[in-house]
Undergrad: 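Just dropping this structure here.
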Amino acid sequence: MCDGVELEAIASAEGTPLYVYSAALLRERFAALDEAFDGYPHALHYALKANSNLAIGRLLHRLGSAADANSIWEIEVARRMGFEPHQIVFTGVGKSPAELAQAVPLGLKAINVESAGELARIEAIAERLGQPARVAVRINPDIDAKSHPHISTGLKINKFGVPVDAARELFATLKGRPFLKLVAVHVHIGSQVTSLEPLRGAAQFVVAMAGELGRAGMQLEYVDVGGGLGISYDGVPVLDPREYVQAIVEAVRPTGLPIVIEPGRSIVGPAGALLARVIDLKPRNAISEFAVIDAGMTELMRPALYSAFHRIERVLESGAEPHDYEIVGPVCESSDVVGRDRSLAPLAMGDLLAIRDAGAYGAAMASNYNRRPLPAEVLVDNGQWDVVRRRQTVDDMLELELAAAPVTTL
Ligand SMILES: Cc1ncc(COP(=O)(O)O)c(C=O)c1O
C-alpha cells in the first residue's frame, strides 16, 4: 500500500516500471527538517537534482521550500515550479559561459562559485549589465564525508569547490570588485552522509570562515552548509534529521547568521518506490535463481553505478519459504543487477516488486539506453493517485531525431 492505495492497483492501471511517490511522506520529511530549526532563521533549498518532477517541486514549493539548481535547465524547471529567482541558489562544478550569461541577469539568491575563473566570468557579465551579482564561494574544506567515494565531494582530491587557501586569496581581492557581492560561504561535502561528525565539521568550518570574513570587514548574509544528509536504505536507523539540524544550528548560532541547507535525498528518497514486474526466471546456481524484472539500470542507476543497496519487497506478501534470487534488470550490461542475493518468497512471472527508497536519484538519473522509454511516475496524495509524468513513447524518443533529419535521409 502507499498511503491507503493498493500498489497493485496502480501498477495494473499504469503498467511497470513505475515510480510511485507518497505526498504525505514528502510533507513529513520536509517538515522534520524545517521544524528542527525551532525558530532559528533558515531556508531549505531543496536540491532539484535528486528529483525534479514538476509535481514534486510544486508540492515542496507550496510547503515553503526554496530551490538548489545545478544547471540553467534546472533553474528553468524551478521557475516553472513557481520558485522566484530570489529563492534559487545556482550550484554546480561546471557552469558554461552560456549558462552564466543567462543566470546572472536573473538576480538569483546566489551563484555558488566553484573557482576564481568562474568568479571572474560572473563579474564580467555583471559589469556589462551594470548590476552587481550575488555570489557565494563554495570552499572545499578537505573533510571526509565517509560516504561512497563517488558521492564524496569535500576532500582536496575532489573536483569541487575552491581550496581553503585559494579562497582566502580570492576573498582578499573582493573589496576592489564592485560588481561582486559576496553573500555567503558554501560547503557541500557529499551525499548519503550518515555520520554526524563530518556534517558538524563542515558547519564549524563555514562558521570559522564567516568569522574571518567578518573580521576583514566582509559581513555575510547567511551560511550555506549544503545537502548530504543520508537515509536508511536497509531499514537500520541512521542519523535523525533533527539531530543533524540541531548540530548545525548549535555550530552556527554564535554567528547569528541564517542557515541555508540544500537537502535532496533526505526529503525525497524515502518517499518513492520503483515498481517492477518479474518478466523471466531462470536457474543461476544450485541455490539461487535469476529473477529478471522490467526495471533496471535505465530506471534506477544507483545499484549499477555505486553498488547501492535498495530493499526489494514483494508487493503481495506470501507466507511461503523464502528462496534466493539475483534480481536483475533487462539491460544488456552485467552490471545491471538491481539486488544481489535476495531472499524472497518464491516468485512467479508477473509478480510485482517494490524497490524501496528510490525517490532520490532514481527517475532523475533514468536513461533511454537500449531505447527503453523513461518510466511513468505517480504521486499518491490523500488516498488518490495522479500520473505526474506519463510513460515516454517511441514517438517521444524519436521526435528529436526526426526533427533534426528528414525521414528520407534516415
Ligand atoms: C551542491 C549540492 N547541494 C546539495 C546536494 C544534495 O545532496 P543530498 O541529496 O545528498 O542532500 C548535492 C548533491 O550531491 C550537491 O552537489
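All values derive from a computational prediction rather than experimental measurement.
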Undergrad: Within the supplied structure, the quantity of interest is the number of heavy atoms (other residues, nucleotides, ligands) at a distance under 6.0 Å from Glu313 CD; does it exceed 12?
TA: yes

Undergrad: So, Asp68 and Thr91: side-chain donor and acceptor under 3.5 Å apart, yes or no?
TA: yes

Undergrad: Between the main-chain N or O of Leu54 and the side-chain N or O of Arg389, is there a donor-acceptor pair closer than 3.5 Å?
TA: no

Undergrad: So His310 and Tyr233, would you call those rings parallel, tilted or perpendicular, with 30° and 60° as cut-offs?
TA: perpendicular

Undergrad: Does Lys95 come within less than 4.0 Å of Glu114, counting only side-chain N to carboxylate O?
TA: no

Undergrad: For Gln246 and Asp38, does a side-chain donor sit closer than 3.5 Å to a side-chain acceptor?
TA: no

Undergrad: Quick test of your reading of the model: are Asp396 and Arg390 salt-bridged, counting only N-O distances below 4.0 Å?
TA: yes

Undergrad: Tell me if a side-chain donor or acceptor on Glu99 pairs with a main-chain N or O of Ser96 at a distance below 3.5 Å.
TA: yes

Undergrad: Should we count CD of Gln131 as having more than 12 external heavy atoms under 6.0 Å?
TA: yes

Undergrad: Without swapping roles, check the side chain of Asn53 against the backbone of Ala55 for a donor-acceptor pair under 3.5 Å.
TA: yes

Undergrad: Determine, for Phe83 and Lys109, whether the Lys NZ or Arg CZ falls below 6.0 Å from the six-membered ring centre while staying within 45 degrees of the axis.
TA: no

Undergrad: Between Asp142 and Lys156 (side chain of the first, backbone of the second, donor and acceptor by atom type, cut-off under 3.5 Å), is there such a pair?
TA: yes

Undergrad: Looking only at side-chain N and O atoms, does Arg29 offer a donor or acceptor that is under 3.5 Å from a partner on Ser266?
TA: no

Undergrad: Assess whether side chain to side chain donor-acceptor pair (under 3.5 Å) is satisfied between Asp224 and Asn112, documenting all intermediate values.
TA: CA-CA 9 Å; Asp224 182 344; Asn112 290 358; 3.3 Å; yes

Undergrad: Taking the side chain from Asn368 and the backbone from Arg371, do they hold a donor-acceptor pair closer than 3.5 Å?
TA: no

Undergrad: Using 30° and 60° as the class boundaries, would you call the ring planes of Tyr21 and Tyr19 parallel, tilted or perpendicular?
TA: parallel

Undergrad: Please answer whether the main-chain N or O of Ala276 pairs with a side-chain N or O of Thr16 as donor and acceptor at a distance below 3.5 Å.
TA: no

Undergrad: Distance only, no hydrogens: is a donor on one side chain within 3.5 Å (strictly under) of an acceptor on the other, for Glu289 and His323?
TA: yes

Undergrad: Does CG belonging to Asp234 count more than 12 external heavy atoms closer than 6.0 Å?
TA: yes

Undergrad: Please check if the side chain of Ser52 supplies one atom and the backbone of Lys49 the other of a donor-acceptor pair under 3.5 Å.
TA: no

Undergrad: If we ignore angles and hydrogens, is there a donor and acceptor under 3.5 Å between the side chains of Gln87 and His45?
TA: no

Undergrad: Considering only NZ, NE, NH1 and NH2 on the basic side and carboxylate oxygens on the acidic side, decide whether Glu326 and Arg340 come within less than 4.0 Å.
TA: yes

Undergrad: Take a 6.0 Å sphere around CD of Glu8 and say whether it holds more than 12 heavy atoms from other residues, nucleotides or ligands.
TA: yes

Undergrad: Between Tyr325 and Leu347, is there a donor-acceptor pair closer than 3.5 Å when you use the side chain of the first and the backbone of the second?
TA: yes

Undergrad: Tell me whether Asn140 contacts the main-chain N or O of Val162 through its side chain, where contact means a donor paired with an acceptor under 3.5 Å.
TA: no

Undergrad: What I want to check is whether the side chains of Glu333 and Tyr369 have a donor and an acceptor closer together than 3.5 Å.
TA: yes

Undergrad: Got more than 12 heavy atoms from elsewhere within 6.0 Å of CD, Glu250?
TA: no

Undergrad: Counting N and O atoms only, with roles assigned by atom type, does the side chain of Arg138 sit under 3.5 Å from a partner on the main chain of Val185, one being a donor and the other an acceptor?
TA: no

